[in-house]
2 protein chains.
Amino acid sequence: MVIHLMEKRMLAGQECDTQTWDMGNCPVRDVLDRIAGKWSTLLLEALAHKPYRFGELRRLVPDISQRMLTQTLRDLQRDGYIEREVFPTKPPSVEYRMTELGRSLFEPLSKVLLWAGENHASVKAARVKFDDSDLG
Amino acid sequence: MVIHLMEKRMLAGQECDTQTWDMGNCPVRDVLDRIAGKWSTLLLEALAHKPYRFGELRRLVPDISQRMLTQTLRDLQRDGYIEREVFPTKPPSVEYRMTELGRSLFEPLSKVLLWAGENHASVKAARVKFDDSDLG
DNA sequence: TAGTGCTAGTCTCTTTTTGATACCAACAAT
DNA sequence: ATTGTTGGTATCAAAAAGAGACTAGCACTA
């Protein structure tokens, strides 16, 4: 069934058949390399919930550095997933909110996050098994 | 609707509410940090199609280094998404194939890949718009 | 009025991660 | 005898990420 999806895409002549998997030709890689970052999905999950300000996001994800928060937000904004709005308050505040494109991406993405939550135990079990065996 | 999913998960008392988003407590981060790598999804996509040998994967993804291929495959194996089998041929060959857990993960994941293929144009357009504006 | 804190970042330095290249041993074919 | 193939590892350079100090303008406080 999963394979069916793959074959359908490949038979449809869409990109990323085994001949064009190199970067620059493959749209899937072009898009995924950005949302596959360590912090991207986390910030998308937060902003899918509701808009947040810079400092709120920083407190929400305690172990992100300001440097990476700035950079990841800018990358997500550049790819069109989130918007940035500056309010001229004192001190000025900046709000980040998800765009329609971002919501459209988050719909399938949220299912992966859901899977992660549901199958965490299986993954942890696999790790223990692997570490206890030969290669640990 | 996406938000509905989020709220459902949060209301269900599952992890990753805003109090436990730090690493070590959050299963979603624990799982996603592994499959969010640059090469993981690509290899999962290949192995979802059919089993491959080390060298085949290397040729399939021309710009991965042997070092990262080894490491990524080992990480995916450790988390239980793929299996590694050594055949005592001369020279010995090693086959990697997806596990049931891997297929279960790839089901939602493939929808994100599909989204990426379908919405590549929108993302590229957003990038051009961003780069042409103030911050380019 | 001087001190402290808040805002959203940037700048610099160090550590970690990744990439490029060379190398391995055993066997097959030329 | 040289070359090619297998699936890696070892080493070093380059890129990315993390830690912390620093900024400016204003508010509050002592």
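Labels below follow one simple rule: chain letters A, B, ... track the order of the sequence lines, proteins then strands, and each chain is numbered from 1.
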Ignoring backbone atoms, test whether A:Y52 places a side-chain nitrogen or oxygen under 4.0 Å from the OP1 or OP2 oxygen of C:dA8. no
Rounded to whole Å, how long is the line connecting atom CD of B:E56 with atom P of D:dT5? 14 Å
Between the main-chain N or O of B:R74 and the side-chain N or O of B:Q77, is there a donor-acceptor pair closer than 3.5 Å? no
Sorted by chain and number, sequence neighbours left out, side chain to side chain donor-acceptor pair (under 3.5 Å) with B:N119 holds for B:W115
Between the opening five pairs and the closing five pairs of the helix from C:dA8-D:dT23 to C:dT30-D:dA1, how far apart are the helix axes, to 10°? 30°
In this structure, how many angstroms lie between the C1' atom of D:dG8 and the CD atom of B:Q71, rounded? 13 Å
Where do B:L69 and B:W39 land on the side-chain contact (heavy atoms from CB on, under 4.5 Å) test, with the steps shown first? CA-CA 8 Å; B:L69 181 53; B:W39 308 107; over 6 Å; no
Mind listing the N/O atom pairs, protein and nucleotides 19-23 of chain C, below 3.5 Å?
| unit_1 | atom_1 | unit_2 | atom_2 | d |
| --- | --- | --- | --- | --- |
| C:dG19 | OP1 | B:K38 | NZ | 3.2 |
| C:dG19 | OP2 | B:W39 | NE1 | 3.3 |
| C:dG19 | N7 | B:R67 | NH1 | 3.4 |

Whole-Å distance separating the CZ atom of A:R58 from the P atom of C:dT7: 8 Å
Contacts of type side-chain contact (heavy atoms from CB on, under 4.5 Å), residue B:V128, not counting sequence neighbours: B:D132
Send over the distance from A:R53 CZ to C:dT7 P, rounded to a whole Å. 6 Å
Side chain of B:S93 (C-beta onward), nearest among C:dG9, D:dT6, C:dA8: D:dT6
Mind calculating the distance between CG (A:L69) and P (D:dG18) to the nearest angstrom? 11 Å
Run the side-chain contact (heavy atoms from CB on, under 4.5 Å) check on A:V28 and B:T41 step by step: do they pass? CA-CA 10 Å; A:V28 172; B:T41 50; over 6 Å; no
Looking at D:dT6, I'd like to know if its phosphate oxygens (OP1 or OP2) sit under 4.0 Å from a side-chain N or O belonging to B:R59. yes
Report the residues that fulfil side-chain contact (heavy atoms from CB on, under 4.5 Å) with B:R34, sequence neighbours left out, ordered by chain and then residue number. A:R127, B:R78, B:D79
Main-chain N/O of B:G80 paired with B:T99 side-chain donor or acceptor, under 3.5 Å: yes
Distance, rounded to the nearest Å, where B:R84 contributes CZ and D:dG8 contributes P: 4 Å
To the nearest angstrom, the CD-C1' distance between B:Q77 and D:dG8 comes to 14 Å
Can you check nucleotides 23-28 of chain D for protein contacts, nitrogen or oxygen pairs under 3.5 Å, and list what you find?
none

Could you tell me how far apart B:F54 (CZ) and D:dT9 (C1') are, to the nearest whole angstrom? 10 Å
For B:P51, give me all partners under side-chain contact (heavy atoms from CB on, under 4.5 Å), at least two apart in sequence or on another chain. B:E95, B:R97
Give a yes or no answer on whether the side chain of B:S40 reaches the backbone of B:A36 with a donor-acceptor pair at less than 3.5 Å. no
Are A:D63 and A:K38 close enough, and set up right, to give a salt bridge (Lys or Arg N to Asp or Glu O under 4.0 Å), and what steps lead you there? CA-CA 12 Å; A:D63 54 349; A:K38 184 175 180 181; over 6 Å; no
Using the test side-chain contact (heavy atoms from CB on, under 4.5 Å), find all partners of B:K124 that sit at least two apart in sequence or belong to another chain. A:D30, B:H120
Answer yes if B:V86 and B:L47 sit in the same cluster of Ile, Leu, Val, Met, Phe, Trp and Tyr residues linked by side chain heavy atoms under 4.5 Å apart, and no otherwise. yes
Mind checking B:F87 for me? I need base, sugar-phosphate or nothing, with any heavy atom below 4.0 Å counting as a touch. nothing
